[in-house]
**Q** 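To start, I am sharing the structure in question, which I have written as structure tokens.
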Amino acid sequence: MPDTDSTLIDGRALAAEVREEVQQAVAEHLDAGPRPPALRVILANDSAASASYVRGKEKAAAEAGIDAETLRFDPEEVTEDELLGTLARLNSDDEVDGILVQLPLPDRIDEEKVIQAIAPAKDVDGFHPQNTGRLMTGADGFVPATPAGIMEMLRRSEVDIEGAHAVIVGRSNLVGRPLANLLLHRDANATVTVCHSRTRALGQHTRTADILVSAVGRAGLISGDMVKAGACVIDVGINRVDDDTRERGYRLVGDVDFDAARKRASQITPVPGGVGPMTIAMLLKNTLKAAVGRLSERET
Ligand code: NAD
């Protein structure tokens, strides 16, 4: 067992690297094309978390030279037809490269139907079934930003993925499932186990992980003794825990007992400052990819 604390994987620093690369590539794209990459975000809920993510995306996009605009809909009033109509308009608008629908949508709206109405070539969130299918087979397409960001973090932190046993806790379409696919691809070659809410004896699985990823949303789920000595730990969870010492009355933590896990792991991501910043950086990368792809299509 390492007797010193593990190395922190600094998501903010890695995300800054990616954002700078995107900014440079956007400048090159502008030399070749008529306008900056354009992203349109549809926001139709009034959750504080979504509002904060969308603000973060707008700010990061502006810094990278991407033209981002949010179309806001009243969650009480908006209809499915209105959203489908807006998507049809954005799909055929040549001035728009990337489209993102901030989830969740109001209960009366069929989320699946809305996601399937996004043109796959503009689906920078990678949730359209065509992009999901491409990810399954290893074909090029849009990969959801969080799992793409995790792969980028592993690679930039020189984690040995080839032949490693990766254990993912959480099987959502947003994180666990796409990440399992990425880790299985021939450019990664991990052996992958996916655990979920019905997994028996979770610790027996996590203790065999060379790379342990938790994407559940439950503080303290992964205790220190569930981490194999020398493992790389990626904590995707974002949880609020009460904290009277903070002005806002809470602080954010991940799923992993950070202090205990840090003593066993070789590398570990903090929360906040780990996977979160990387997610936004990868969305910018996907938007650039959409713009470059569409420009080269127009030229051929
Ligand atoms: P989700 O609710 O869709 O999925 C949670 C998964 O956890 C499910 O697959 C479920 O089977 C599994 N699970 C639940 N209880 C479990 C248990 N006791 N043991 C093992 N598995 C269990 O959530 P999600 O959208 O995938 O998000 C997961 C967490 O990651 C949340 O905290 C979310 O806020 C966070 N998240 C962070 C980022 C980021 O950028 N940092 C992005 C996406 C999600």
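Start at 1 and go down the list; that is how both ligands and their atoms are numbered. On a predicted model such as this, the values are computed, not experimentally measured, just so you know. We number each residue from 1, following the sequence as shown.
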**Q** Testing Glu58, Arg40, Arg55 one by one against Thr70 for a side chain to side chain donor-acceptor pair (under 3.5 Å), which residue passes?
**A**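 Among Glu58, Arg40, Arg55, the one meeting side chain to side chain donor-acceptor pair (under 3.5 Å) with Thr70 is Glu58.
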**Q** For ligand 1, is Cys195 a contact, meaning one of its heavy atoms is under 4.0 Å away?
**A**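 False for this residue.
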**Q** Would you kindly specify which portion of Asp255 sits under 4.0 Å from ligand 1, judged on non-hydrogen atoms: side chain, backbone, both or neither?
**A**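 Neither; nothing of Asp255 gets under 4.0 Å from ligand 1.
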**Q** What's the shortest heavy-atom distance between Cys232 and Val159, and which atoms?
**A**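 Nearest pair, atom of Cys232 first, then Val159: SG-CG2, 3.8 Å.
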**Q** Using a 3.5 Å cut-off on N or O atoms only, is Ile238 in polar contact with ligand 1?
**A**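 Right, the criterion is met.
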**Q** If we ignore angles and hydrogens, is there a donor and acceptor under 3.5 Å between the side chains of His165 and Thr208?
**A**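 The answer is yes; a qualifying pair exists.
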**Q** Closer than 4.0 angstrom: is that true for some heavy atom of Thr199 and an atom of ligand 1?
**A**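 For ligand 1, residue contact (heavy atoms, under 4.0 Å) with Thr199 is absent.
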**Q** Can you tell me which portion of Arg218 lies within the under-4.0 Å heavy-atom range of ligand 1? Options are side chain, backbone, both, or neither.
**A**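 Side chain only.
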**Q** Specify the protein heavy atom at minimum distance from atom 24 (P) of ligand 1: its residue, its atom name, and the distance to 0.1 Å.
**A**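 For atom 24 (P) of ligand 1, the nearest protein heavy atom comes out as Ser172 OG, 3.7 Å.
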**Q** Using the six-membered ring of Phe258, assess whether NZ or CZ of Arg262 lies under 6.0 Å from its centre and within 45 degrees of the ring axis.
**A**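 Pair Arg262/Phe258 does not count as cation-pi.
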**Q** Less than 3.5 Å between some nitrogen or oxygen of Thr279 and one of ligand 1, yes or no?
**A**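 N/O-N/O distance under 3.5 Å: yes.
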**Q** Which atoms of ligand 1 sit under 4.0 Å from any heavy atom of Val175?
**A**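 Counting atoms of ligand 1 from 1, those under 4.0 Å from Val175 are 26 (O), 43 (C).
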**Q** Below 4.0 angstrom from a heavy atom of Leu221, which ligand 1 atoms are there? Numbered from 1 as shown, please.
**A**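 Listed by number with element: 18 (N).
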**Q** Between Arg35 and Asp67 (salt bridge meaning N to carboxylate O under 4.0 Å), is one present in this structure?
**A**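 Salt bridge absent between Arg35 and Asp67.
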**Q** Starting from atom 2 (O) of ligand 1, locate the nearest protein heavy atom and write down its residue, its atom name and how far away it is, to 0.1 Å.
**A**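 Result: Val216 O, 4.4 Å.
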**Q** Using a 3.5 Å cut-off on N or O atoms only, is Ser197 in polar contact with ligand 1?
**A**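 Yes, there is a polar N/O contact under 3.5 Å.
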**Q** Any donor-acceptor pair under 3.5 Å linking the side chain of Ser266 with the backbone of Gly230?
**A**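 Looks like yes, one N/O pair under 3.5 Å.
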